[in-house]
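Structure first, then comments.
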There are 2 protein chains.
Amino acid sequence: MSEFTSEKAFLEAYSIHEYDVPLLTVDMAIFSVLEDQLQVLLVKRAQHPSLGKWALPGGFVDTKRDKSLVETAKRKLRAKTGVATPYVEQVETFGGPERDPRGWSVTVAYMALIPAEGVELVPDDASSEVIWVPVKEMGSEYLLAFDHQSIFEVCLERLKNKVQYSSLPVNLLPKAFTLTELQRTFEIVLGQTVEKKSFRRRILDAGILEETGAMKTGSSRPAKLYRVRPEGQAYFFPRTIEGKR
Amino acid sequence: MSEFTSEKAFLEAYSIHEYDVPLLTVDMAIFSVLEDQLQVLLVKRAQHPSLGKWALPGGFVDTKRDKSLVETAKRKLRAKTGVATPYVEQVETFGGPERDPRGWSVTVAYMALIPAEGVELVPDDASSEVIWVPVKEMGSEYLLAFDHQSIFEVCLERLKNKVQYSSLPVNLLPKAFTLTELQRTFEIVLGQTVEKKSFRRRILDAGILEETGAMKTGSSRPAKLYRVRPEGQAYFFPRTIEGKR
DNA sequence: TCAATAGTGTCTATTAGACACTATTCC
DNA sequence: GGAATAGTGTCTAATAGACACTATTGA
């Protein structure tokens with residue numbers, strides 16, 4: 001049993017600095033679709049360790065300001081992209097003695113989906129450059145710091161998997177979009193074509209969209225513009241997209 | 001840019017104790033089926049804070065011994081139950097300034113599924129009692145320390161959700177079992193009955209089981225005994241269990 | 001009128017649910 | 001033979017894929 005008789009006495013004597021605690025960071029894979037490709041945001045580190053290497057954006061919890069881990073993630077994302085209302089989802093937490101040269105460390109990995117339009121990438125103290133990189137070029141062109149390559153891969157896998165049975169990709173598009181644009185976005189993330197009628201039935205029957213009333217004109221026949229219903233950010237379908245038989 | 005010219009100089013001067021780092025723990029919801037009920041393992045805390053309160057088992061990472069977070073989780077589980085090869089899955093990481101009186105803290109929550117038979121619950125330094133509690137009694141009978149009630153609820157929700165489309169419940173049974181026993185286990189976790197033929201088709205067509213060759217006798221007509229194929233621990237079905245139309 | 005894209009009608013294949021049926025054991 | 005449980009045959013309903021079809025615009 002404890003040597004302290006009351007919890008109050010225990011807490012007054014408690015100092016976290018007496019223990020060998022792991023380092024804790026939050027990192028994120030921020031995805032968007034630009035130029036008909038799924039891309040991920042990378043920063044060039046302006047600080048030790050791994051100064052000058054590419055990495056996923058992230059950093060320490062600000063225990064003075066952040067009220068939760070997702071707040072830390074959103075704060076980092078807003079600093080880099082200016083986007084205030086991203087779709088953010090916790091993916092997995094990684095920990096071990098070897099992943100950071102400073103010692104036993106833990107990182108809580110998030111993925112975020114944001115629309116590409118209107119985003120302006122801004123470097124800060126922690127990063128000298130901020131860029132979009134097509135996910136197809138990851139692993140070969142860009143060598144990431146720490147274990148960020150494998151964190152990225154886990155986030156990408158989660159995204160690709162979830163697209164099979166959820167409406168997540170709506171978060172990659174601007175507020176109003178056509179069904180064809182939405183289908184194209186699904187196809188880009190899935191890496192495979194989708195049958196038009198099935199896709200439209202699936203999305204429309206799910207009831208996650210509503211017509212804006214406006215039309216998108218320009219090419220040929222105008223298309224209806226839709227927006228996401230307030231609660232439609234993450235609908236889960238009872239079946240996965242099955243693809244060709 | 002950094003005031004250090006080399007990463008080596010930076011690391012030599014680095015001390016984690018100069019920073020205001022969050023506390024990090026690992027907690028887990030260990031599930032099993034006993035007496036035809038889904039139950040979760042609770043411990044009575046033998047240490048401050050919240051000494052004497054019920055809690056999910058867990059604790060600090062041992063930076064000397066643990067090579068990863070899941071190792072920490074498995075070590076805690078083995079200490080309480082003696083089970084060496086549980087099904088363990090990371091669920092979510094929670095963090096915030098209010099969840100622990102010692103300050104900004106983070107816990108990585110895992111859930112585990114273990115067969116009930118042959119498990120002997122053993123208290124240790126950190127826990128004066130270790131018990132199984134039916135999940136139906138959680139929230140009313142047992143008030144948990146910290147934010148463990150909500151962590152438990154998230155783990156339970158993950159489990160119930162995943163049973164809809166995966167073969168996870170096979171991990172709640174002993175090595176050999178009949179299809180009726182497996183069906184009953186699914187029903188207990190789902191909280192709803194399942195149609196026999198549909199269930200058998202689903203499981204058998206998935207190819208995750210193999211016959212042991214032995215039969216279970218005792219009541220009336222003997223039933224074939226099955227075991228999980230090596231890679232069958234977590235099969236994902238393309239559709240969810242839909243229940244009555 | 002033609003090209004291009006939006007959007008629909010409808011058939012087929014697959015699979016989960018329903019449920020009655022048969023099979024094998026113990027008593 | 002009857003109770004009890006294991007296990008099957010087979011029809012129906014729901015839905016995703018296939019794909020040809022129609023609709024509406026600009027040039």
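Just so you know, these numbers use all the heavy atoms, side chains as well, and skip hydrogens, waters and symmetry mates. Below, read A as the first sequence line, B as the second, and so on, with proteins coming before strands; counting in each chain starts at 1.
One can place CD of A:E195 at 14 Å from C1' of C:dA6, the figure rounded to the nearest angstrom. In this entry the distance linking CZ of B:R202 with C1' of C:dT14 reads 14 Å, nearest Å. Distance CD1 (A:I241) to P (D:dA16): 10 Å, rounded to an integer number of Å. Protein atom CZ of B:F199 is 12 Å distant from nucleotide atom P of D:dG7, rounded to whole Å. Atom CZ in B:F237 sits roughly 16 Å away from atom C1' in C:dG17 (whole-Å rounding). The CD atom of A:Q183 sits 13 Å away from the P atom of C:dT5 (whole-angstrom rounding). Between the CG atom of A:L190 and the C1' atom of D:dG17 there is a distance of 15 Å, rounded to whole Å. Atoms CE (B:M215) and P (C:dT24) sit 10 Å apart, rounded to a whole Å.
The CG atom of B:L38 sits 11.0 Å away from atom CE of B:M138, with the distance rounded to the nearest 0.5 Å.
A donor-acceptor contact under 3.5 angstrom links the side-chain atoms of B:R201 to the base of C:dG17. The base of C:dG7 lies outside donor-acceptor range of the side chain of A:K224, with no N or O pair under 3.5 Å. A donor-acceptor contact under 3.5 angstrom links the side-chain atoms of A:K197 to the base of C:dG9.
For B:P222 and A:K196, each mapped to the nucleotide of DNA chain D holding its nearest heavy atom, the one lying further toward the 5' end belongs to B:P222.
Between A:K74 and A:E71 no salt bridge is recorded (no basic side-chain N to carboxylate O distance below 4.0 Å). In this structure, A:E92 does not pair ionically with A:R158, as no charged nitrogen and carboxylate oxygen lie closer than 4.0 Å. Using a 4.0 Å cut-off between charged nitrogen and carboxylate oxygen, A:R184 and A:E187 count as a salt-bridge pair.
Here B:S198 does not reach the OP1 or OP2 of C:dA16: none of its side-chain N or O atoms lies under 4.0 Å away. Between C:dG7 and A:R200, a contact under 4.0 Å exists linking OP1 or OP2 to a side-chain N or O.
Under the 3.5 Å distance criterion, the side-chain polar atoms of A:T185 are matched with a main-chain donor or acceptor of A:E181. Panel note: side chain B:R200, backbone B:L179; no donor-acceptor pair is recorded below 3.5 Å. Not a single donor-acceptor pair under 3.5 Å links the side chain of A:Q37 to the backbone N or O of A:P134. A donor-acceptor pair is defined here as one N or O able to donate and one able to accept, closer than 3.5 Å; no such pair exists between the side chain of A:T217 and the backbone of A:P222.
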Which atom pairs, donor and acceptor, lie under 3.5 Å between side-chain atoms of residues 79-86 of chain B and protein residues at least two apart or in another chain?
from, atom 1, to, atom 2, distance (Å)
B:K80, NZ, B:D124, OD2, 3.2
B:T81, OG1, B:L77, O, 2.8
B:T81, OG1, B:V83, N, 3.1

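Heavy-atom distances under 4.0 Å link DNA chain C to A:T180 of residues 160-181 of chain A, given in residue order.
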Report each atom pair, protein N/O against N/O of nucleotides 2-4 of chain D, whose distance is under 3.5 angstrom.
none

